[in-house]
2 protein chains.
Amino acid sequence: MNKKQLTKVLGGAEKLCRKRGARLTARRRTVLELLCASDKPLSAYEILDRMRATTRNPAPPTVYRALDFLLEQGLIHKLESLHAFVGCTHPEHPHSSQFLICGDCGEVSEMENEAILQSLQTAERATGFKTRHPVVELLGTCAQCAEKHQSG
Amino acid sequence: MNKKQLTKVLGGAEKLCRKRGARLTARRRTVLELLCASDKPLSAYEILDRMRATTRNPAPPTVYRALDFLLEQGLIHKLESLHAFVGCTHPEHPHSSQFLICGDCGEVSEMENEAILQSLQTAERATGFKTRHPVVELLGTCAQCAEKHQSG
DNA sequence: GGCATGACGGTTATGCCATAACATGATGTT
DNA sequence: AACATCATGTTATGGCATAACCGTCATGCC
């Protein structure tokens, strides 16, 4: 995410939280900023390391509490298969996303594909299962890296 | 999985491995048995605990090595969102499954839904992404538990 | 037989991920 | 000021996963 987008997302997050009566405190804002500024997903301990630049002696619970808050607010996502977190690219509305995770360059792209959601919902109806949180993560190779492999 | 199914799956695994030139050793077979006999997913350390009944002083690498082998052979699946493993219900052919994970009773059911796979493949084609391993895990409440909540 | 090779597993140690439990501080309300 | 509530600091611990090294055993080759 570039600087302009970052400003926009942070502003949006601010507004969203105010509207909901949720408090986007300094700590939480820092974690959100770090995640959005990174072009790769970050683990909680990577966030912790980067926080040392601005915070005295941060500890794991500090980070995890901020992450919990941001997850609840839908401002970030957790990637279960990587034990890592990414900033959400469109937190304006509640949603569930799918993630394309490139094992080559480490890039992760978030998509919101209606057809996939539909097919999941159809399966739910057929089985009577009530989904609270769908996890859809595709591990593989992104288009760019796949191309490199072919030419290289 | 009941005893009859267990026997069948183990026999099938035996045959499958022989066909592939892979060795289903005693350790590996034990881990597969434990997973298939359990009605819930097991973490590596839960498997470790249960192995103490038959094996002297087992250590984590023993279990993880067996799990790696079984994953490669498609005889078990890893549930990323639970850090746990389950026996595969139909290892005869290579496949990718989706999992319905009930947060209430802990039960996990494996399904192989063509429509979901289709929608994932369509999205892949649109983005140029090459998926090696799709992770689809629906966290929620199974039909049985949902019913209980309504009546209770 | 003697011996290289490679897969398997034992053993020890360690690193990363995540949370429990309790203490302290900040914020808003009456 | 007194209080309730939420957020954070602090210390310790538990769970998940792997690195690195070494012994063992089966197999194939000379």
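Reminder, nothing fancy here: chain letters follow the sequence lines and each chain counts from 1. None of the values given here were measured: they were computed from a predicted structure.
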d([atom1], [X]; [atom2], [N]) in whole Å:
X: A:L79; N: C:dA18; atom1: CG; atom2: C1'; value: 17 Å
X: A:L82; N: D:dC16; atom1: CG; atom2: P; value: 19 Å
X: B:D68; N: D:dA19; atom1: CG; atom2: C1'; value: 13 Å
X: A:E72; N: D:dC6; atom1: CD; atom2: P; value: 12 Å
X: A:L71; N: C:dT19; atom1: CG; atom2: P; value: 10 Å
X: B:E46; N: D:dG15; atom1: CD; atom2: P; value: 10 Å
X: B:L48; N: C:dT12; atom1: CG; atom2: P; value: 14 Å
X: B:Q73; N: C:dC8; atom1: CD; atom2: C1'; value: 14 Å

Starting the side chain at C-beta, find the nucleotide from C:dA20, C:dT11, D:dA17 nearest to A:P61.
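From the listed options, C:dA20 comes nearest.
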
Measuring from the side chain of B:Y45 (C-beta onward, heavy atoms only), which nucleotide among D:dA17, D:dG9, C:dA18 has the closest atom?
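Closest of the options to the side chain of B:Y45: D:dA17.
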
Residue-phosphate contact under 4.0 Å: [X] side-chain N/O, [N] OP1/OP2:
X: A:T62; N: D:dT8; answer: no
X: B:K78; N: D:dC16; answer: no
X: B:H83; N: C:dC17; answer: no

Does any pair with a residue in residues 26-80 of chain B pass ring-ring contact (aromatic ring centres under 6.0 Å, His included), and if so which ones, sequence neighbours excluded?
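Of all non-adjacent pairs touching residues 26-80 of chain B, those that pass ring-ring contact (aromatic ring centres under 6.0 Å, His included) are B:H77-B:H95, B:H77-B:F99.
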
Do other residues, nucleotides or ligands put more than 12 heavy atoms under 6.0 Å from the CD atom of A:Q144?
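No - once you tally the heavy atoms of other residues, nucleotides and ligands closer than 6.0 Å, there are 12 at most.
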
Within the supplied structure, the quantity of interest is the number of heavy atoms (other residues, nucleotides, ligands) at a distance under 6.0 Å from A:K40 NZ; does it exceed 12?
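Yes, enclosed.
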
Under 3.5 Å, N/O pairs linking protein and nucleotides 21-23 of chain D:
none

Identify the two heavy atoms, one from B:H90 and one from B:S97, that lie closest to each other, and give their separation to 0.1 Å.
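Taking every non-hydrogen atom into account, CE1-OG, 4.2 Å.
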
Linking I/L/V/M/F/W/Y whenever any side-chain heavy atoms sit under 4.5 Å apart, do A:L10 and A:M51 land together?
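Looking at the clustering, A:M51 is in the same group as A:L10.
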
Side-chain heavy atoms nearer than 4.5 Å, only ILVMFWY residues, links allowed to pass through others: does that put A:L24 and A:L16 together?
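A:L24 clusters together with A:L16.
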
Tell me if the side-chain of B:Y64 makes a donor-acceptor pair with the base of D:dA19, cut-off 3.5 Å, by modelled atom types.
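Looking at the base of D:dA19, it does not pair with any donor or acceptor on the side chain of B:Y64 (distance under 3.5 Å).
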
Please, which pairs that meet salt bridge (Lys or Arg N to Asp or Glu O under 4.0 Å) have at least one residue in residues 10-21 of chain B, sequence neighbours excluded?
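Applying salt bridge (Lys or Arg N to Asp or Glu O under 4.0 Å) to every pair that reaches into residues 10-21 of chain B, excluding sequence neighbours, yields B:E14-B:R29.
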
Got a sec, which residues hit side chain to side chain contact (heavy atoms under 4.5 Å, CB included) with A:E46, two or more places apart in sequence or on another chain?
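With sequence neighbours excluded, A:E46 shows a side chain to side chain contact (heavy atoms under 4.5 Å, CB included) to A:L42, A:S43, given in chain and number order.
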
Using the test side chain to side chain contact (heavy atoms under 4.5 Å, CB included), find all partners of B:A115 that sit at least two apart in sequence or belong to another chain.
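For B:A115, the residues satisfying side chain to side chain contact (heavy atoms under 4.5 Å, CB included) (neighbours in sequence not counted) are A:S119, B:N113.
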
Looking at OG1 of A:T62 and CG of A:L48, how far apart are the two atoms once the value is rounded to the nearest 0.5 Å?
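It comes to 8.0 Å.
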
Where along residues 18-43 of chain A does a heavy atom come under 4.0 Å from DNA chain C, residue by residue in number order?
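Nucleic-acid contacts, sorted: A:R23, A:S43.
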
So A:A44, base contact, sugar-phosphate only, or nothing? Heavy-atom distance under 4.0 Å.
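Contact class for A:A44: none.
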
